[in-house]
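None of the values given here were measured: they were computed from a predicted structure. Both backbone and side-chain heavy atoms feed into the values below; hydrogens, waters and symmetry mates do not. Numbers restart at 1 for each chain; the letters A, B, ... are given by sequence-line order, proteins then strands.
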Number of protein chains: 2
Amino acid sequence: MAIDETVRLDSFRDFIREHGLKNTHQREEIARWFLGVNGHFSAEQIFAQVREIEPGIGFSTVYRTMRLLCEAGLVQERHFDKGEALYENLSAHHDHCICTECGRIEEFENDQIESLQEAAAERLGFSLVSHRLELYGLCRNCR
Amino acid sequence: MAIDETVRLDSFRDFIREHGLKNTHQREEIARWFLGVNGHFSAEQIFAQVREIEPGIGFSTVYRTMRLLCEAGLVQERHFDKGEALYENLSAHHDHCICTECGRIEEFENDQIESLQEAAAERLGFSLVSHRLELYGLCRNCR
DNA sequence: CTGGATGCAAAAAGTTTGCACGCGC
DNA sequence: GCGCGTGCAAACTTTTTGCATCCAG
């Protein structure tokens with residue numbers, strides 16, 4: 001995990017360099033923090049966390065850097081059932097199971113479902129690029 | 001479909017009455033229009049359409065009525081990959097296949113996937129209430 | 001008549017943009 | 001030094017709310 005984080009951070013630095021951009025302090029700190037966590041965070045949460053490390057940081061820089069991380073293919077922006085965007089590290093693919101009561105999010109993967117999806121898209125004449133599967137229900141503690 | 005629409009409209013009227021609310025002109029027109037269409041519409045689109053029938057209508061009334069329709073279980077609010085909310089009639093369950101190029105949305109259903117989802121949720125200790133499955137890809141015309 | 005519903009405008013919430021200054025390269 | 005990046009504030013977009021008035025029951 002620490003290793004993976006380092007690899008991903010390097011991959012972000014490469015992305016920056018390859019695109020003729022600059023590797024600033026702020027980008028470095030946002031990426032370092034975000035690539036090291038698991039879960040789903042809003043821009044506001046990321047801002048709050050990174051501000052503890054880099055006090056002068058601005059909101060826009062968070063948005064701008066998160067967009068960069070998305071373009072670099074390291075992060076994905078998601079909209080669960082609210083309007084607000086949540087960012088998530090993109091590594092191995094997985095789907096989400098969300099508790100409607102307490103908001104707890106579990107991740108899972110299921111190859112059988114994946115291949116049925118592929119087939120379903122094909123039947124509609126689509127070539128499948130990606131998908132989104134979210135299960136909503138009550139978790140162990142809430143039901 | 002015309003029959004179904006009438007049933008659903010009556011069901012909305014019942015919901016209103018049972019909750020001690022009032023069956024206003026505006027609610028009636030919004031519900032009548034929306035329950036009669038297929039597809040996914042933003043508040044703005046609904047507003048524009050209903051305004052042709054009921055010119056004086058306000059934006060807030062659209063939002064308020066759509067919320068009522070959701071509470072009545074007749075409509076669902078969805079967020080595809082943008083922040084903006086889209087409303088959809090909730091009748092038979094189906095999932096969505098979305099073209100990332102032209103935005104075309106196809107609906108489908110697949111019982112095999114449904115039961116695998118049930119099993120996957122169970123394995124995580126969740127009792128499944130609902131789910132959301134969206135396939136993204138290129139449609140026949142765009143690929 | 002009376003309380004909920006409406007339309008408007010203002011406020012919120014979330015996100016983007018313009019701009020002058022600052023700092024990587 | 002040049003030009004991209006930053007922070008700030010203002011603008012924008014989408015949705016919600018406060019309030020005076022209106023109208024359904």
Next on the checklist: Does the plane of the ring in B:Y87 sit parallel, tilted or perpendicular to the ring in B:F34? Use 30° and 60° as the thresholds.
Outcome noted: perpendicular

Checklist entry - Can you say whether the rings of B:H94 and B:H96 are parallel (under 30°), tilted (30 to 60°) or perpendicular (over 60°)? => result perpendicular

Checklist entry - Checking side chain to side chain contact (heavy atoms under 4.5 Å, CB included) against A:F15, which of A:D10, A:L69, A:L68 comes through? => result A:L68

Checklist outcome for this item: B:F80 CZ to D:dT14 P, in whole Å, measures 17 Å

Next on the checklist: With a 3.5 Å distance limit and no angle check, can you tell me whether B:R27 reaches the backbone of B:T61 through a side-chain donor-acceptor pair?
Outcome noted: no

Item to check | Interatomic distance where CZ belongs to B:F15 and P belongs to C:dA5 [whole Å] | outcome: 11 Å

Checklist entry - In whole Å, what is the span from the CD1 atom of B:I57 to the P atom of C:dC8? => result 10 Å

Checklist entry - Any donor and acceptor pair, going by atom type alone, linking the side chain of A:Q45 with main-chain N or O of A:S42 inside 3.5 Å? => result yes

Checklist entry - Do side-chain atoms of A:R140 reach the backbone of B:S127 as a donor and acceptor pair under 3.5 angstrom? => result no

Next on the checklist: Nearest whole Å is fine: how far is D:dG7 P from A:R51 CZ?
Outcome noted: 12 Å

Checklist entry - Going by atom types alone, do A:H25 and A:E54 pair a side-chain donor with an acceptor below 3.5 Å? => result yes

Next on the checklist: With a 4.0 Å cut-off on N to O distance, would you call B:R32 and B:E5 a salt bridge?
Outcome noted: no

Item to check | Rounded interatomic separation in angstrom, taking CD from A:E71 and P from D:dG5 | outcome: 11 Å

Checklist entry - Can you check the B:I16 CD1 to C:dT6 C1' distance for me, whole Å? => result 14 Å

Checklist entry - How bent is the helix from C:dC1-D:dG25 to C:dC25-D:dG1, comparing axes over its five end pairs at each side, to the nearest 10°? => result 30°

Item to check | Spacing between B:E18 atom CD and C:dG4 atom C1', to the nearest angstrom | outcome: 18 Å

Checklist entry - If you look only at pairs with a residue in residues 57-72 of chain B, which of them pass as a salt bridge (charged side-chain N to carboxylate O under 4.0 Å, His left out), with sequence neighbours excluded? => result none

Next on the checklist: If you assign B:G20 and B:T61 each to the DNA chain C nucleotide with the nearest heavy atom, which residue ends up on the more 5' nucleotide?
Outcome noted: B:G20

Next on the checklist: How many whole angstroms separate atom CD of A:E28 from atom C1' of C:dG24?
Outcome noted: 13 Å

Checklist entry - Once each nucleotide of nucleotides 15-25 of chain D is scored for protein heavy atoms under 4.0 Å, what B/S/- sequence comes out, 5' to 3'? => result BBBB-----BS

Checklist entry - Can you find a side chain N or O atom of A:Q26 that sits less than 4.0 Å from OP1 or OP2 on C:dC23? => result no

